[in-house]
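Here the structure is laid out as structure tokens; the discussion comes afterwards.
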Number of protein chains: 2
Amino acid sequence: MDNHPLFKKFVAFTAAVHQITNDITKDVKPETLTPVQYKILEYIAVSQPVTLSEISDCMHMSMPNTSRELRKLTEKELLVKVTDPADRRKQGITLSPEGQAMIDEVFRGAAQRVGERIEHLTAEQQQEIERALDLLQEKIFYV
Amino acid sequence: MDNHPLFKKFVAFTAAVHQITNDITKDVKPETLTPVQYKILEYIAVSQPVTLSEISDCMHMSMPNTSRELRKLTEKELLVKVTDPADRRKQGITLSPEGQAMIDEVFRGAAQRVGERIEHLTAEQQQEIERALDLLQEKIFYV
DNA sequence: TGTTTTTGTTATCAAAAGACAACTAAAGGA
DNA sequence: TCCTTTAGTTGTCTTTTGATAACAAAAACA
């Protein structure tokens, strides 16, 4: 597999995705957040509600460190924790209205940049891209 | 564009790519490198030869910090700097044999994991994936 | 009931990473 | 030639991040 033709493409592709998404969100990220805090906020945004353990697992962070960063985000009033009535050890974490507004703003900026990259394409080409995204997510980048 | 159908897919897709590549390289990364040092080594691997300025630009790091990390990687004998004879301010940075061996090892591990994700697919499906990677890289994730 | 497991918190220390000032050396112009 | 720009270095300080130990409370279980 090492010299499997797909693998070289895979490496180049993922490198490109990382670089482009980095560039796209680079200067729309709120400067009041550290990189890790931003990552956490983004993760909560697409997966809410989540528990602390889930964040810890998915982001490969220890529970103590996750707990600390969540506390900081809570102090900034960007998220809210709701104790699960069925299991009072767990807490469902979601974005506060302020946190949601912040993420919406970031996504708006990112959407703008993505739009610039595809607006010159025909509707048909855009559909092709949509199908390609679906295909890859289903066959390779599934969780 | 904010609620452009493609954008939602884009967000979900890039999130998935980040998570999967993270998981795939997670425990094949050499523990003698810090995360930033690994990222730099990986960047050099796919772009060599590069200059310090290019690394600084692409990775959004200041020149002093980039210089420091490159020094550490050089001390670990993982890369070599060759002064450009045409412009002696510049230095072409490449992986040393040891550095190349380390990256090859990481890529071998990653290739293994990717292989597991696609080996059950038919040759036709694999070609479809290849085409999808090409398409997206050409139309969206171009540098 | 007592014990263990799960879920999370607090505190502390060390390492990694970022920011910035001051500097050198080569190249490019005027 | 002198001045400016480009490419990179060194040193220092601060912030961020990671690691670990010790803890508490709820749930699960024997």
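Protein chains get the first letters and strands the later ones, always in sequence-line order, with residue 1 at the start of each.
What separates NZ of B/K72 from P of D/dG8 is a distance of 19 Å, to the nearest Å. In this structure, the NZ atom of A/K39 is 12 Å from the P atom of D/dT17, given to the nearest Å. The CG atom of B/D84 sits 14 Å away from the C1' atom of D/dG8 (whole-angstrom rounding). For the pair A/M63 CE and C/dT6 P, the interatomic distance rounds to 11 Å; values are reported in whole Å. We find that CG of B/L73 is positioned 12 Å from P of C/dA16, with the value rounded to whole Å. As rounded to whole Å, 16 Å separates atom P of C/dA15 from atom CD of B/E31. For the pair B/N65 CG and D/dA7 C1', the computed distance is 16 Å after rounding to whole Å. In this structure, A/L52 places its CG atom 18 Å from P of D/dA25, rounding to the nearest Å.
A salt bridge links B/E69 with B/K72; the closest basic N to acidic carboxylate O contact falls under 4.0 Å. The existence of a salt bridge linking B/K39 and B/E42 is confirmed by a sub-4.0 Å separation between a basic side-chain nitrogen and an acidic carboxylate oxygen.
For A/D87 and B/Q91, each mapped to the nucleotide of DNA chain D holding its nearest heavy atom, the one lying further toward the 5' end belongs to B/Q91. If you find the closest nucleotide of DNA chain D to A/P35 and to A/R88, the one lying nearer the 5' end belongs to A/P35. Between B/R89 and A/L70, the residue anchored closer to the 5' end of DNA chain C is A/L70, taking for each the nucleotide with the nearest heavy atom.
Phosphate contact (OP1/OP2 of D/dT9, side-chain N/O of B/K81, threshold under 4.0 Å): present. Phosphate proximity of D/dT16 to A/Q37: absent, as no side-chain N or O sits under 4.0 Å from OP1 or OP2. Residue B/T34 places no side-chain N or O under 4.0 Å from the OP1 or OP2 atom of C/dA15. Close to D/dG8, at under 4.0 Å from its OP1 or OP2, lies a side-chain N or O of B/S53.
Separation of the B/F10 and A/F107 ring centroids does not fall under the 6.0 Å cut-off.
Remark: the backbone N or O of A/S96 is not paired with any side-chain donor or acceptor of A/E77 at under 3.5 angstrom. Although no hydrogens or angles enter the test, the distance criterion places a donor-acceptor pair under 3.5 Å between the side chain of B/S56 and the main chain of B/M61.
B/S56 comes within 4.0 angstrom of nothing in the nucleic acid, heavy atoms only. In this structure, A/T66 reaches neither bases nor backbone, as no heavy-atom distance under 4.0 Å exists between it and the strands shown.
Listed nucleotides C/dA17, C/dT9, D/dG11 differ in distance to B/P64; the shortest reach to its side chain belongs to D/dG11.
In the interface, the side chain of A/R71 is not paired with the base of C/dG8 through any donor and acceptor atom under 3.5 Å apart. B/R68 contributes no side-chain N or O that forms a donor-acceptor pair with the base of D/dG11 under 3.5 Å.
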